[in-house]
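Below is one structure. I have some questions about it.
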There are 2 protein chains.
Amino acid sequence: MSKPNTALQREDHGTLEDLVGYNLKRAYLIVSSDFRLTLGEEGLAPRVFSALALIVQFPLITQSDLARKLGIERSGLVAIVDDLEARGYVVRKPVPNDRRVRALAPTPEGEVAHSQANETVMAHEAQLLSELTPQETENLVGLLKKIRNIKR
Amino acid sequence: MSKPNTALQREDHGTLEDLVGYNLKRAYLIVSSDFRLTLGEEGLAPRVFSALALIVQFPLITQSDLARKLGIERSGLVAIVDDLEARGYVVRKPVPNDRRVRALAPTPEGEVAHSQANETVMAHEAQLLSELTPQETENLVGLLKKIRNIKR
DNA sequence: GTCAAATTGTTTCCTAAGAAAACAAACAAT
DNA sequence: ATTGTTTGTTTTCTTAGGAAACAATTTGAC
């Protein structure tokens, strides 16, 4: 059981400290700020990184499909794809049968940039979370995915 | 154990899907949007609720101390306390020995509002997370606290 | 085949949340 | 008494996302 914190230990039932939402937010802020430090000022923003990762994983994905997969609005995706296109990491390709749709494909530079960023991010996250055992991290991700899969 | 998702199962090592940061963000968005629905349009915003909870728990806490405890900047706390004061839930009291400091105290209405909001929030969160067993929820909170306690 | 309805990418505007920098008032220390 | 620090505050900036509207296009009903 390691060494728990010595301070706010008593009076911990029904308080802020055991609200999942509160702890999620605090933990998210820590991890995301570390992410930004990792990729630096000019580096990919978290959501841009996520989009690139999915475009590499699912080449020729549609903007609508990507927005759905990211859980954001189509309108919000525009700026993200603009960013990636400006960096030369992604191109919007016309689709033969449907002239409304733009298929997103990574450029070679995009693939390289992604795999480099991915390495960096994974390594830094592992190091940030080195207080957690691999089992704990895996467990955590599993629980978070369970929350993500809640149907509301 | 249990029924995992059937879709994106293969190719899941080193991808976006097992990044803690990504899952944290997605899960946080779900829980915090549920929070807002729970307390409604006119209800306390998440951060305002958190502040009120701590003021009730630590009456006469200083604004600086509260900001520290919340993990935000002093400047950001001003609007939160303004909000609580406008609702009549909190008062800024002068402190005898130090005229810079404002001690935050809940009003009787503030105490009532807090305990009502707290009940509501706890109940809705429990219901939202009903897919998780109590052990899983407890486990999750423990892991999130571990992240919160990382010294960087 | 035509016309209404839906879809796609996009623009514009709005909100929430927090950070950073500066400032006056007050305090502490030497 | 001057210097430096702390407290609350204001102002400005950044990040992230949602909602509504729109033109271009496609689909579906009939």
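The analysis underlying the following values was restricted to heavy atoms, covering all of them including side chains, and did not include hydrogens, waters or symmetry mates. Per chain, numbering begins at 1; letters A, B, ... match sequence-line order.
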Distance col, row B/L144:CG vs A/L19:CG, nearest 0.5 angstrom, shows 12.0 Å
Produce the list of close N/O pairs, under 3.5 Å, pairing protein atoms with atoms of nucleotides 6-8 of chain D; give distances to one decimal.
{"from": "D/dT6", "atom 1": "O2", "to": "B/R100", "atom 2": "NH1", "distance (Å)": "2.7"}
{"from": "D/dG8", "atom 1": "OP1", "to": "B/Q63", "atom 2": "N", "distance (Å)": "3.2"}
{"from": "D/dG8", "atom 1": "OP1", "to": "B/R102", "atom 2": "N", "distance (Å)": "3.1"}
{"from": "D/dG8", "atom 1": "OP1", "to": "B/R102", "atom 2": "O", "distance (Å)": "3.4"}
{"from": "D/dG8", "atom 1": "OP2", "to": "B/S64", "atom 2": "N", "distance (Å)": "2.6"}
{"from": "D/dG8", "atom 1": "OP2", "to": "B/S64", "atom 2": "OG", "distance (Å)": "2.6"}
{"from": "D/dG8", "atom 1": "N7", "to": "B/R74", "atom 2": "NE", "distance (Å)": "3.1"}
{"from": "D/dG8", "atom 1": "N7", "to": "B/R74", "atom 2": "NH2", "distance (Å)": "3.2"}
{"from": "D/dG8", "atom 1": "O6", "to": "B/R74", "atom 2": "NH2", "distance (Å)": "3.2"}

In whole angstroms, the gap separating P of D/dG18 from CZ of A/R47 amounts to 10 Å
B/I30 CD1 to D/dG18 P, in whole Å, measures 12 Å
Distance col, row A/L39:CG vs A/D34:CG, nearest 0.5 angstrom, shows 9.5 Å
Interatomic distance, CG@B/L66 vs CG@B/L77, rounded to 0.5 Å, equals 5.0 Å
Taken to the nearest whole Å, CG/A/L70 to P/D/dA16 is 13 Å
_Taking the side chain as everything from C-beta on, heavy atoms only, tell me whether A/V95 gets closer than 4.5 Å to A/T62._
no
message = If we count only N and O atoms by modelled type, under 3.5 Å, do the side chains of B/E73 and B/S75 hold a donor and an acceptor together?
response = no
*A/D18 side chain vs A/T15 backbone, donor-acceptor pair below 3.5 Å*: yes
Side-chain contact test, heavy atoms from C-beta onward, threshold under 4.5 Å: evaluate it for B/I147 versus A/L140 and give yes or no. yes
Here the distance between atom C1' of D/dT15 and atom CG of A/L77, to the nearest Å, is 16 Å
Result for side chain to side chain contact (heavy atoms under 4.5 Å, CB included) between B/I55 and one of B/V91, B/L104, B/L60 points to B/L104
Legend entry - Parallel, tilted or perpendicular: ring planes of B/Y28 versus A/Y28, cut at 30 and 60 degrees: parallel
One would report the end-axis bend of the helix from C/dG1-D/dC30 to C/dT30-D/dA1, five pairs per end and rounded to 10 degrees, as 30°
Nearest-nucleotide check on DNA chain D, A/R99 vs A/E41; residue mapping nearer the 5' end is A/E41
Bounded by its outermost nucleotides with an atom under 4.0 Å from a heavy atom of chain A, the footprint on DNA chain C reads C/dT7 to C/dG18
Charged N-O contact under 4.0 Å between B/D65 and B/K69 = no
(message) Looking at B/E17 and A/R148, is there a salt bridge between them, counting it only when a charged N and a carboxylate O are closer than 4.0 Å?
(response) yes
